[in-house]
Amino acid sequence: MEPQPISVVLCDYECHPKGKIDVNSISNRLLQDGAVQEVIVLNEPLEHNLERLVSLQGKKVIFAGGYAENIANKLSVKKSDFLSIDIKGTVFDLYETSESIADNIFHQIKSRVVVLADKEAIPVDTIKPNPKVLVYGSGLSGLSAALRLAHEDIQVDILETPDDEISPGYLTDLLSDPTMLDQLREGAGKNENITFISSDTPPSPLEGGLRGMFLKGGVPGQVVAVDQGFLLTTNNGKNQALKYGTIVFAPERVEQPSVEAGSLNLSQLYSKLIAEEVLRGVIVFLLDYQEEMTSEVFKDVLRAALHIRNTPSAEVWVLTKQVQVALQGQEELYDQCREAGVNFVKYRDDLEVKNSDGGFELKGFDTQVGIEFTISHPDTLIIPQKATLSSSALIFAQSLKIQILNGKYTQPDSLWRLPNETNRPGIFAVGSARGNFDLQGIHEDVASGVLSVRKRLNPEGIHIEEHIPVVEEEKCVYCLTCVRVCPFGAMAKDVEERVAKVIPSACQACGICVGECPAEAIQMRNLKNESIYSGIRAL
Amino acid sequence: MEKLLLLHCAESGKKALQRMIQLGHKLPGNIQTFELPCTGRVNDVLLMETLQDGFDGVLVIGCHKDNCKYLDGNMRAEKRVNHVQKILADAGIDKKHVDMVFVAPDEGNRLSQIIKDFYETMKVD
């Protein structure tokens, strides 16, 4: 096929504050090479010259200056047929002297010409994910999310794991209705759009990882990415392979067992408060003791402390290394606690905790007041326990390459993720493992998660990235390096043909597989290796 | 003075460059830029080809650790840049010709200083 001729549209060249640029010299140099067929020079906005630019339809174009995307749409120039350069931002404003300006414009255009010459139209740029949704987790978050989706007539499977537990965060608000979880379960059981599935044995990390890579078919309990979404292989007697387009990851957190016998963790404290047990005497919260402290846990402690202080005969002490009041409304809560007479003590690292048959003695140094203190035999000692995701939730996340923060939060702390998004498109994190929410917060989080799922089920389909890599199957040596390094699990092994294949619905077009492939068998679409080298050479 | 190349990612790298421009910083005319979706695309071959193509130095600009949109692309790029530096050292070439830095989208001033320092290091030859 004949290489398509490239046209260049030079615009805004008079915007330079240091005076006119010699546009003719740029134009001549570009035409000399032969790779550029024509150069259109405009000293007006592109929008005012639509008639002149209509001749560009069907050609490949480089827009140097002006709002190219806008114009390209109006002229029906396909995305694969143009590139644009922000002349003002990347040339005029960036370089010091006007002698180099014309040179830089020329080099930038020449570089883009090379890359554009290799660009081809993308055969399919949308894909429709499978309409079924898999919800992981049957605690409060998982069940609420499943019910909301089912009410929208979406087919949902809930994957149950044996160790779902309610994390301490929102139990305080469940004080009014501890049977809520049972009601949700009953509702989900009756709903015809919801099916409960269980995976008896979660895959071991080794099976899901190295060995699982070379096994034919799926490892039971493991989820792999496929064309229209994800594939779950179950092992509960039936050995099914179930397909889903979207996954909602909604596990609950699990509290670790206590290290100090005789102390309460937050869940145990809340059980007592729900049962309306009255706590009297000296009640001590010992924080920052088990590396469990976050703003959210501190908020729960403040609420509990305030609640306990309602009993006049209760003396409440909160020992902490630092006071964290980052959440909304938390500073006010802290002030309320102080006004109610809760005592806050900042202790040093040399705190000693002695435990003799449930009778505690705490000795430390109060850094605020500057004196040593001893608390002997408090009536109740509360040590918030380390809450993490259950091991099966962590393995599930690992097999899907979902990023987990600190072993307990299902969403990484990253500026690229909007609420509920994880690092993988099509997998959304919802519920109390995203952060400690109260009941209202859970409702809101479930609602926003459901919106994200509905957006993914858009009838138009989801867009495939332009630079999705292409595997040259003759060169592929089936080392599966790309499968191992892909951060999104978007490379899969084809056991019959013994090559690696790209899964378009999961691929983010980052190019890491291209960089790692030892056989150089993978190229990015519309940004081939040769294009990059030539593009750099042309600079 | 030969040409220098800034090989930056389309996320933090590009935004940091734009911020730098907004703040009014300028570059000498022999520094060029080339954009990649992620610095994770960078590998030994690409860096060596760039040095062969007449560039005196290559500076790879990526996102901070844990801030890569594609998770670990920036860490892979760092490993490969270090590897290429080793290869250059084995061949008797100063490893200053290839380097990697991590920036955040708002670090326009810092990036300008980094590029100036890189430019100065290249000048001393």
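Note that these values count all heavy atoms, side chains included, but never hydrogens, waters or copies made by symmetry. The structure displayed is predicted, hence computed values, not measured ones. Letters A, B, ... mirror the listed sequences (proteins, then strands); counts begin at 1.
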Under 4.5 Å from a heavy atom of chain B, the part of A:E520 involved: side chain
Is it the backbone or the side chain of A:Q403 that comes under 4.5 Å from a heavy atom of chain B, or both, or neither? side chain
What residues of residues 526-535 of chain A sit under 4.5 Å from chain B when you count only heavy atoms? A:L527, A:N529, A:I532, A:Y533, A:G535
Separation between [atom1] of [X] and [atom2] of [Y], rounded to the nearest 0.5 Å:
{"X": "A:R112", "Y": "B:F34", "atom1": "CZ", "atom2": "CZ", "result": "7.5 Å"}
{"X": "B:N30", "Y": "A:L539", "atom1": "CG", "atom2": "CG", "result": "12.5 Å"}
{"X": "B:C38", "Y": "A:M524", "atom1": "SG", "atom2": "CE", "result": "9.0 Å"}

Does atom NZ of A:K401 have more than 12 heavy-atom neighbours from other groups under 6.0 Å away? yes
Can you establish whether the number of heavy atoms outside B:H83 located under 6.0 Å from its atom NE2 is more than 12? no
Determine the option with the most heavy-atom pairs under 4.5 angstrom with chain A, choosing from B:M20, B:E49, B:R41, B:R80. B:R41
Proximity breakdown for [X] and chain A, heavy-atom pairs closer than 4.5 Å:
{"X": "B:L36", "answer": "side chain"}
{"X": "B:L46", "answer": "both"}
{"X": "B:C68", "answer": "backbone"}
{"X": "B:Q52", "answer": "neither"}
{"X": "B:T33", "answer": "both"}

Using side-chain heavy atoms (C-beta onward) and a distance below 4.5 Å, is A:N104 in contact with B:Q32? yes
With [X], which residues qualify under side-chain hydrogen bond (donor to acceptor under 3.5 Å, both in side chains), at least two apart?
{"X": "B:N43", "value": "none"}
{"X": "B:D72", "value": "B:R76"}
{"X": "A:R525", "value": "none"}

Greatest number of non-hydrogen atom pairs under 4.5 angstrom with chain B, of A:N423, A:V514, A:I512, falls to A:I512
What closest approach, in Å, do A:A509 and B:P37 show between heavy atoms, and which atom pair accounts for it? O-CB, 3.6 Å
